[in-house]
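Values below: every heavy atom of this structure, side chains too, minus hydrogens, waters and symmetry copies. Naming: A, B, ... by sequence-line order, numbering from 1 per chain.
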2 protein chains.
Amino acid sequence: MARAEPARAVTLSDVARLAGVSVATASKALNGRDQVKDSTRQRVVEAADQLSFSPNPLARGLLAGRTGTVGLLTSDLEGRFVIPILMGAEDAFGAGQVNVFLCDARGDTIREQYHLRALLSRRVDGLIVVGRQTDPRPSLGHDIPVPVVYAYAPSDDPADLSITPDNVSAGRLAVEHLVACGRTRIAHITGEHAYAAARDRAEGVQAALHAAGLELVGDVMYSEWSERWGRDAAAVLLTRHPEIDAVLCGSDQISRGALDTARDLGRTVPDDVAVMGFDNWEVLTTNARPELTSIDANLQQLGRTAAQRVFAALDGVDIGSGTEYVAGRLVIRGSTVARR
Amino acid sequence: MARAEPARAVTLSDVARLAGVSVATASKALNGRDQVKDSTRQRVVEAADQLSFSPNPLARGLLAGRTGTVGLLTSDLEGRFVIPILMGAEDAFGAGQVNVFLCDARGDTIREQYHLRALLSRRVDGLIVVGRQTDPRPSLGHDIPVPVVYAYAPSDDPADLSITPDNVSAGRLAVEHLVACGRTRIAHITGEHAYAAARDRAEGVQAALHAAGLELVGDVMYSEWSERWGRDAAAVLLTRHPEIDAVLCGSDQISRGALDTARDLGRTVPDDVAVMGFDNWEVLTTNARPELTSIDANLQQLGRTAAQRVFAALDGVDIGSGTEYVAGRLVIRGSTVARR
DNA sequence: CTGTTAGCGCGTTCAA
DNA sequence: TTGAACGCGCTAACAG
């Protein structure tokens, strides 16, 4: 264990002393103020990196009122969707000298309040609240003295700024792909009806079918977000409606189940029936037989966007309010388009 | 967007003024120093929460040298293994008034150095370095003025403190379970030989087999950590060695592939052949047919332990050095023990 | 162009 | 028991 020398960190006055100037001058020199002779600046800079000086952000923040930190308040770290958003945000901030406090409320409102207070008392400059579903969540309210952006789960208050995936257009995108592949008898198996993500995608699916002059085979089948449900539902569908030529699934997990069933029933994918899903979870999609076509929600991009909004707000820009939708992107693989 | 009132945060002197005392007294009163009359303390405390005062941690940190923050330096947020560790650590710290700075180096040494400097300049009180593999990684060195604990990927310097999964005993645990189930002709398919995790588990496997007076069927089959490899390897094995009654896989992904192949070849699991894996990745294990037995590495526990070591070091306890191993735990499901 | 002074918010002497 | 004064490291006024 490196307890090392308590090594009082090198301060600006150390630099100043070495360069033979006052701390004020050293400060100006290092911060690029223009009231300092070039030769002096030179000396200071040299002294600084000779001592490998780095300014103490606490002192700086104390003065500026800004800390250069933001809070990332997640409701769930287990979730598959939170992580990419987190990566995107961390990435965007990291590039901008901002550091990120991570807090996981674990879906508990009490814990969320607790963490919120902790973050505010640390004087974070901004806040990103990442939810685990796309359903609206309670607003943190408006007595928060820093900009707040809601990511993935939008706030239920339209006066807040939220960034969330555009699941309706994602559903449309999926159907348009299947139609472009020549499919006309399309069924839709998806997750829990309680999830806005399931309902929104289904809405997009119906809209696109309608626009193409088609109709869904059977009803939208809502149940669990699980592989097992994909298997069971596909078995029912393919048996009752043998004419189906495409099964659109509400998630990659469901897709995997559907794929399994198609295989069990001796239907070949994609020639006989196409299968596709949502989320583009690579572990599932790229290891399937055949590999799974999917709609990627661009979550990392979503995280970056949220971070940029916070940045903008920090610069005094009015970032507006309401919900901003991030489009998904189609990732075509062998389960809808045969590979030669 | 709550830009709210720029609302200069309430400071200690606001509290002092309201309570009609000096800042010094207010400070003492709120921090439980015992040189202050009870009635005075009372007044100050009331004033404080009337203004909902919370001390500025920057000012406090500037003075005390402690900030109540730690850095979590990960090499990879995508990885399946980093997240649970992170959760465990965040959980342990959160309970103790410590907040966590999250930095993702994305496997890049330059970025790691960059983040390290940033964290140190923010005066974090401690550091947890989370790697993505169990192979030793380069030490950050010993000129770091705060305690450092390496998690998952141990440091290559024995003078550092590292906490990592015990993969050798995990391998042993797996074989012992299979043997307890009456299996005697066991094969082992695993991931890349370049990974210590693969080699360590294989070592434990061989040791346990030896102890049971058994021998592995065929060689340990090293290749990719993928479902695809699981399928291919299982096909080779089960065809060449039809007597195999258990396939032990190096990961749940590989297990899933092996399961698929067993099914394709008409072998029933677990009656005919048992299958099990490592990692206990629930999305994969609980959705398989049958559900997959697996060894859970207790990563969340690992994260908590790492956090506790940092805590201890902060309290001045000598936390020692070397590598500490966290045992795995067997999670039995239907792929090794038939469910009625 | 450079240095002196002041103050960000807090905790800790040391006198009163 | 209380308060005035000092300093943590830094930057922004101002004066020189």
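Two end axes, each from the C1' atoms of five base pairs, can be drawn for the helix from C:dC1-D:dG16 to C:dA16-D:dT1; they diverge by 50°, to 10 degrees.
Considering only residues two or more places apart in sequence or on other chains, A:Asp76 meets the salt bridge (charged side-chain N to carboxylate O under 4.0 Å, His left out) condition with A:Arg132. Annotation: side-chain hydrogen bond (donor to acceptor under 3.5 Å, both in side chains) contacts of B:Arg137 (sequence neighbours excluded): B:Glu112. Taking B:Arg17 as the reference, B:Asp14 meet the salt bridge (charged side-chain N to carboxylate O under 4.0 Å, His left out) condition, with sequence neighbours excluded. The side-chain hydrogen bond (donor to acceptor under 3.5 Å, both in side chains) search around B:Arg60 returns B:Asn31, not counting sequence neighbours. Here B:Phe93 pairs with B:Phe311 under the ring-ring contact (aromatic ring centres under 6.0 Å, His included) rule; sequence neighbours left out. Scored by the side-chain hydrogen bond (donor to acceptor under 3.5 Å, both in side chains) test, B:Arg304 finds no partners at all (sequence neighbours excluded). For B:Arg123, there are no salt bridge (charged side-chain N to carboxylate O under 4.0 Å, His left out) partners two or more places apart in sequence or in a different chain. Applying the side-chain hydrogen bond (donor to acceptor under 3.5 Å, both in side chains) criterion to A:Gln133, with sequence neighbours excluded, gives A:Asp135.
More than 12 heavy-atom neighbours from other residues, nucleotides or ligands sit within 6.0 angstrom of CD on A:Glu324.
To the nearest angstrom, C1' of C:dT12 lies 17 Å from CZ of B:Arg66. In this structure, B:Leu12 places its CG atom 14 Å from P of D:dA4, rounding to the nearest Å. Between the C1' atom of D:dG9 and the CG atom of B:Leu63 lies a distance of 11 Å, rounded to the nearest Å. Taking atom CZ of residue B:Arg33 and atom C1' of nucleotide C:dT13, one finds them 12 Å apart after rounding to whole Å. As rounded to whole Å, 14 Å separates atom C1' of D:dT2 from atom CG of B:Asp34. One interatomic measurement links the two molecules: CZ of A:Phe53 to C1' of D:dT11, which rounds to 12 Å at whole-angstrom precision. The interatomic distance linking B:Gln42 (CD) with D:dT2 (P) rounds to 13 Å, in whole Å. For the pair A:Asp14 CG and D:dC8 P, the interatomic distance rounds to 11 Å; values are reported in whole Å.
The nucleotide whose nearest atom lies closest to any side-chain atom of A:Thr40 is, among C:dG9, C:dG3, C:dC1, C:dC1.
Counting non-hydrogen atoms under 4.0 angstrom, B:Val23 reaches nothing in the nucleic acid.
In this structure, CG on A:Leu161 lies 5.0 Å from CD1 on A:Ile319, to the nearest 0.5 angstrom. Taking OG1 of B:Thr164 as the reference point, atom CG of B:Leu302 lies at 7.0 Å (rounded to 0.5 Å).
In the region residues 55-62 of chain B, proximity to DNA chain D at under 4.0 angstrom, judged on heavy atoms, holds for B:Leu62.
OP1 and OP2 of C:dT2 both lie 4.0 Å or more from every side-chain N or O belonging to A:Ser22. At least one side-chain nitrogen or oxygen of A:Ser27 sits closer than 4.0 Å to the OP1 or OP2 atom of D:dT11. Under 4.0 angstrom from either OP1 or OP2 of D:dG9 there lies no side-chain N or O belonging to A:Thr11.
Note on residues 102-137 of chain A: no pairs pass ring-ring contact (aromatic ring centres under 6.0 Å, His included), not counting sequence neighbours.
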Under 3.5 Å between N/O atoms: give me all the protein pairs with nucleotides 13-16 of chain D, atom names plus distance.
none

